[in-house]
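Below: the structure, in structure tokens.
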Amino acid sequence: MIFSPFKLGPYRLKNRLVALPVFTGYAHPGGWASSLLVNHYKRLAGSGVAMVIVANAAVSSDGIASRHNLRADDDEYIPGLNKIAEAIKGEGARACLQLNHTGRFAKTEQPLLPASLDSENLAFNIASLKSFMNFFPFEKRFALTRYFLQKMGTWRHSMSSKDLERVKNAFGDSAERACQAGFDMVELHGANGYLLNQFLSSFTNKAPSSFGGDFQSRTVFPLSVVEEVKRRIPSDFPLGFRLNLREMVPGGIDLGEAVSFATLLEKRGIAYVSASVGSFNSIFSTEVLKGMAHPAYLRADMATLKQNVKVPTIISGRVMRPGIAEALLKDNVTDLIGLGRPVRVDTDWVKKARKGSKKIRICINCNACLKQVVLEQGFICSRWPRQEQERTDLEHKLLSRNFRGLMVLAHPNDVEIFRSALPLLFPKKENISTAISPTVLFLRSANKETMSRAQKDDFVAWSKHALVQLGFSEELIRPRERTVKESFDREVNEEVREGEHGIIMLCRNSTQSWRERVLYKERGKALTLIGTNERYSKVLVPVDLSPVTLLVLMFLRQTHFDKPDFQFHFVHALSGPQGPAEQRWEKIKKVTGMDADLKLMFIPTRGEVDRDLLAMMMESGNYGTVVMGKRGLTGIKRWLLGSVSAGVLRGLKDQSLILID
């Protein structure tokens, strides 16, 4: 039965298998879809499932769970959302976008919640926090404990009537954007302790009010969101709901309330109900973890739900093998099979199910993936091949290094340097629409103007024209101005932080040392100091074969490596035998997906690597650009040990330097 078709709303699903929404943390900082995120959902759709639900698109800036949270709260996110929808549909699956507001768990200074923290539940919150912390390595617990205790300190104020109206409209606005982006349907996230779940639960919403206290009052706001979304989307556009069947906290949602609420959803035209359990307050306890380790642990509860509603239902909860899925359908426990971790652990799950293979890679319930996303390091499965884990980790690190460029101009000479360096600055076309969106920042002294208005306007106009000539939209260019109050480098630092910029581009100027300071103050970025040497396309890439080299190669692969006329030469300063270095180079190429024929030059060194590299450059005289990794040394360590990149920078004349931190 798992491969029998099924009608959901106006659509005929090709089988009964649904890729459930599992948060990955693969979005760019600021919520834009990344190529990593698009490719993730493309692979899921290509696995053979009939429908893919894209996880946790935030409907408001105060409702994000992570800085890498996908967002749908502004029209600027529509192009990226469209890429995801088209990637899914291009593989023959239906695309659904899950909309969410995380409420009290939001990564914001003043989170929204239906009612202030109840003192009766304080002890349970503290106890659950202890269970949560025991889940992580010892060295991570202090920062996490401090963060969550601070978070609990903000749970003092219930949402105002204006907050309620704004969030309700935000769900409606985001649903409209999902339609515009090409999704086939949307799902409201009403589970796992997030905002809609918080309203439904007497654990977080038991104070008597027009939307809290008894069961009927607690349903008011979630149902108003359903009605608003239904009002804003086409009549034949399906709306699903992710529902907690059991919250597993004192006074929380139980099966009876969940089923009662599901019947209310059915009356309001919900297209399906997708089941879940637990929240961050419950799923880390030993007892709950044991219960959730059993195969198809929601079987009995799902059977009860299906008996009480006529709309299609989607089961979750460790449906690990095709035989289990088949039994659930034959026994009329559910209509559709939700595959969360199973299809991510093994993307060939569906193909193996068709063949009757017993070699499906099974999730071992180690929760390493959950630890990764909580620590904002991106979804990685411990059962993936090691090479795939390393590559995904690299791509996630680059989310904050190949995104949203910042072009800094503080002198009239910068204009001409930027104009001549255009080929060096812009990555491949397929990445730029959602990855660069360059900001042109004009810095001016408090005492005098560094550039005239005409020069600024002319440069912005030229930048837009140059992008159009390259096939991009002129709307990507965003001009900004800042008056320097203390120091130029501090002003750049504040702009980078406020704008979530990942690529910082400055021009070389020997009279302004603050430009070089920026290169070493910014962490986790790609930084370019542009020289006047016009041989930008002749690129030398010194590599030390450390993990930093992996990051450098992955960055170049995503941004510059396939550019026509660019020539890259990789060199390693060799202080020992060549054999181990060659073996490490071969492994690095495999992990980063680089061409196996990519050559590595070796030069001998007695320890002064920067001087050896500079001597090589002087001897050849061909290189206009140097790309290096920055190993993250602190200022004190750089002073004690020296820095190869700093030494190279001091020795360069007119070449450009790209530093990947």
Side-chain angles (χ1 to χ4, degrees), residues 20-23 98 100 102-105 114 118 120-121 124-125 127-129 131-132 135 187-206 212 214-216 218-219 222-223 240-266 270 272-309 311-320 324 328 331 333-338 340-341 365 367 370:
L20 290 175
V22 174
F23 184 71
Q98 183 189 66
N100 187 30
T102 54
R104 66 182 183 139
F105 292 124
D118 192 307
E120 293 181 16
N121 291 333
F124 184 83
N125 275 282
S128 65
L129 177 62
S131 298
F132 175 78
F135 198 65
E187 174 182 291
L188 300 181
H189 198 340
N192 307 129
Y194 295 131
L195 187 63
L196 297 183
N197 185 130
Q198 290 164 28
F199 273 92
L200 282 172
S201 171
S202 62
F203 175 69
T204 46
N205 191 22
K206 64 182 173 184
D214 59 43
F215 173 72
Q216 184 175 356
R218 285 184 271 118
T219 67
L223 291 177
F241 198 95
R242 180 83 159 162
L243 177 65
N244 245 8
L245 298 187
R246 295 182 188 273
E247 198 176 2
M248 305 177 193
V249 295
I253 298 167
D254 59 19
L255 182 61
E257 286 190 341
V259 170
S260 297
F261 185 69
T263 61
L264 297 176
L265 292 173
E266 183 176 15
I270 282 288
Y272 68 84
V273 176
S274 177
S276 186
V277 292
S279 75
F280 285 111
N281 284 106
S282 60
I283 62 173
F284 296 97
S285 73
T286 303
E287 182 181 351
V288 172
L289 284 171
K290 286 181 180 179
M292 294 176 68
H294 296 297
Y297 59 81
L298 283 182
R299 179 187 177 101
D301 288 350
M302 283 300 299
T304 301
L305 176 65
K306 185 159 173 40
Q307 290 170 6
N308 285 274
V309 295
V311 296
T313 58
I314 306 176
I315 194 172
S316 66
R318 293 189 64 77
V319 184
M320 306 306 298
I324 298 173
L328 292 168
D331 294 343
V333 173
T334 187
D335 298 293
L336 296 164
I337 301 296
R341 298 187 199 183
N365 209 31
N367 287 311
L370 184 56

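Start at 1 with the first residue, then count along the sequence. From a predicted model like this one, the values you see are computed outputs, not experimental measurements.
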I would like to know whether Leu200 and Thr219 meet side chain to side chain contact (heavy atoms under 4.5 Å, CB included); could you show each step before the answer?
CA-CA 6 Å; Leu200 282 172; Thr219 67; 4.1 Å; yes
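No hydrogens or angles considered: a donor-acceptor pair under 3.5 Å links the side chains of Asn281 and Asn125.
The shortest side-chain heavy-atom distance between Arg242 and Leu20 falls under the 4.5 Å cut-off. You'll find the side chain of Val309 stays beyond 4.5 Å of the side chain of Ile270, heavy atoms only. Arg299 places a side-chain heavy atom less than 4.5 Å from the side chain of Asp331. Considering only heavy atoms from C-beta on, Met302 stays 4.5 Å or farther from Val273 through its side chain. Asp335 is listed as a side-chain neighbour of Lys306, based on a closest heavy-atom distance under 4.5 Å. A heavy-atom distance below 4.5 Å is found between the side chains of Leu265 and Leu223. Contact annotation: the side chain of Asn365 approaches that of Arg341 to within less than 4.5 Å [non-hydrogen atoms, C-beta and beyond].
Under the ring pair (Phe, Tyr, Trp, His ring centres under 6.0 Å) criterion, Tyr272 pairs with no residue, sequence neighbours left out. Phe261 meets the ring pair (Phe, Tyr, Trp, His ring centres under 6.0 Å) test with Phe241; sequence neighbours excluded.
The two residues Gln198 and Thr102 come nearest to each other via the heavy atoms NE2-O, 3.3 Å. For Phe199 against Pro114, the heavy-atom pair with the smallest separation is CE2-CB, 3.5 Å. Across all their heavy atoms, Ala275 and Leu298 have their closest contact at CB-CD1, 4.3 Å. Between Met248 and Ser282, the closest heavy-atom pair is O-CB, 3.2 Å. Nearest heavy atom pair, residue Ser276 against residue Ser316, reads CA-OG, 4.0 Å. Here the shortest heavy-atom pairing between Leu196 and Pro222 reads O-CG, 3.8 Å.
Atom CG of Leu305 is separated from atom OG1 of Thr334 by 8.0 Å, given to the nearest 0.5 angstrom. Rounded to the nearest 0.5 Å, atoms CD (Glu266) and CG (Asn308) are 9.5 Å apart. Here the CZ-OG distance, from Phe215 to Ser201, works out to 11.5 Å after rounding to the nearest 0.5 Å. The line from CZ of Phe280 to OG of Ser128 is 11.5 Å long, rounded to the nearest 0.5 Å. Interatomic distance, OG1 of Thr313 versus CD1 of Ile337, reported as 9.0 Å (0.5 Å rounding). Between atom CG of residue Asn205 and atom CD1 of residue Ile253 there is a gap of 10.0 Å, rounded to the nearest 0.5 Å.
With Glu187 contributing its side chain and Gln98 its backbone, the two residues share no donor-acceptor pair below 3.5 Å. Of the possible donor and acceptor atoms, none in the side chain of Asn192 sits under 3.5 Å from a partner among the backbone N and O of Asn244.
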